[in-house]
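This is a predicted model, so every value here is computed, not measured. Both counts, for ligands and for their atoms, begin at 1 and track the order of listing.
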Amino acid sequence: MPIVTSVEDLRILARKRVPKMFYDYADSGSWTEATYRKNESDLQAIELRQRVAVDVGSRSTEATMLGRKVAMPVALAPTGLAGMQHADGEILAARAAEEFGVPFILSIASICSMEDVAAHTKAPFWQQIYLMRDRGFIRSLMGRAHALGCPVLVLTVDLPIIGDRHKDARNGLSAPPKLTAKNILNMAMHPRWCMGMLGTRRHSLGNIVGHVNGVASMETLAEWSAKQFDPTFTWTDVQWVRDNWSGQLVIKGILDSEDALIAANMGVDAIVVSNHGGRQLDGASSTIRMLPLIADAVKSKTEIWMDSGIRSGQDVVKACALGATGTLIGRPFLYGLGAQGQAGVQRCLEIIQRELQLTMAFTGCVDISQLSEEIVMPKR
Ligand SMILES: Cc1cc2nc3c(=O)[nH]c(=O)nc-3n(C[C@H](O)[C@H](O)[C@H](O)COP(=O)(O)O)c2cc1C
């Protein structure tokens, strides 16, 4: 068994075990990938204050997100096609999150359907949606989620259209994936992954196929989804979701103070400061750079979470210190999933929690609520 001590170890293992087309899908940003890289490097550039002679004998990483107790302020972000990193990926990741005690957010573009995830887990998952043109479908999807006991809807607003991701274009990643000789050969070189895929019936977008009139196959799905992203949606449509969803609502994909204030004033339960992991507007600021400005603008009107670039417990500490009360991780758990399935996601969470509680000790904190600007070195 390879020794895994960091999220980077999981990434390296996932690169070996997942066919190139799907590994690249996860490990890529849009255009030049500058924002993708900046998310991580801006986090790394922040220096923490080392404090000594503080009693840190008893520490807790527990926190609350939307009033629920969580083992640490980290949720698994919604990620499309997670079931292509590993067979039955969404079910495995949801189980790992449940066992660890952190929230799992299911993407609308998941391979396993929400019914399937609900049938294989006990803890309620949270559901993510995009505002697609077919509002009848979105309404019925919200109804399905509600019927399954899903308490939280996450509406992603930073994808009115899809950013250009060059690796996907080169690899022929589309729905259905282009089965070129090169891709087939590459898949054959990953026998463990192939065996998993042969052993499951879950290969298409489970939340959509069979739930939209006329969409029963990969081909009809491709035709339908190409027309579905809605570049015309506005805050009025966000209000429509608010009015049609009786549970808690989170708006994901905010990167600007003015937008954050609009969302907060609409009475949403949380916002996620996010640039979609650098997959949308290349050239946008990193999320950790925008977080303090947004936190200052919004104050305590709503919960503020952050994602994009978090690769360690130190990064979680930095996000919490600069104004977030929760974080989301995308690629770290996908790497864990691709590397070792459910055990890999579990390992990813263990690594982040261990780094988090050690970093708390070195910065003189025993509780997540103590993480504040005080523990960050001013810029020199
Ligand atoms: C492969 C992949 C697929 C994604 N799919 C979705 C999605 O379906 N819905 C969504 O709201 N965000 C999606 N995201 C964005 C994540 O929810 C999250 O914002 C991002 O991954 C955070 O950055 P990180 O990967 O650096 O942690 C996706 C991200 C990745 C890497």
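- A distance limit of 4.0 angstrom between heavy atoms and ligand 1 selects the residues Tyr25, Ala26, Ala77, Pro78, Thr79, Gly80, Ser107, Gln128, Tyr130, Thr156, Lys252, Ser274, His276, Gly277, Arg279, Asp307, Ser308, Gly309, Arg311, Ile329, Gly330, Arg331, Pro332, Leu334.
- By the side chain to side chain donor-acceptor pair (under 3.5 Å) test, Thr35 pairs with no residue at all, sequence neighbours left out.
- Put simply, the side chain of Ser312 never gets that close to the backbone of Ile352: no donor and acceptor are under 3.5 Å apart.
- By the 6.0 Å and 45° rule, Arg279 stacks over the aromatic ring of Tyr25.
- Counting only residues at least two apart or in different chains, ring pair (Phe, Tyr, Trp, His ring centres under 6.0 Å) contacts with residues 128-149 comprise Tyr130-Phe229, Phe137-Trp224.
- Between the Arg331 side chain and the Gly277 main chain, a donor and an acceptor come within less than 3.5 Å of each other.
- Applying the ring-ring contact (aromatic ring centres under 6.0 Å, His included) criterion to Phe104, with sequence neighbours excluded, gives no partner residue.
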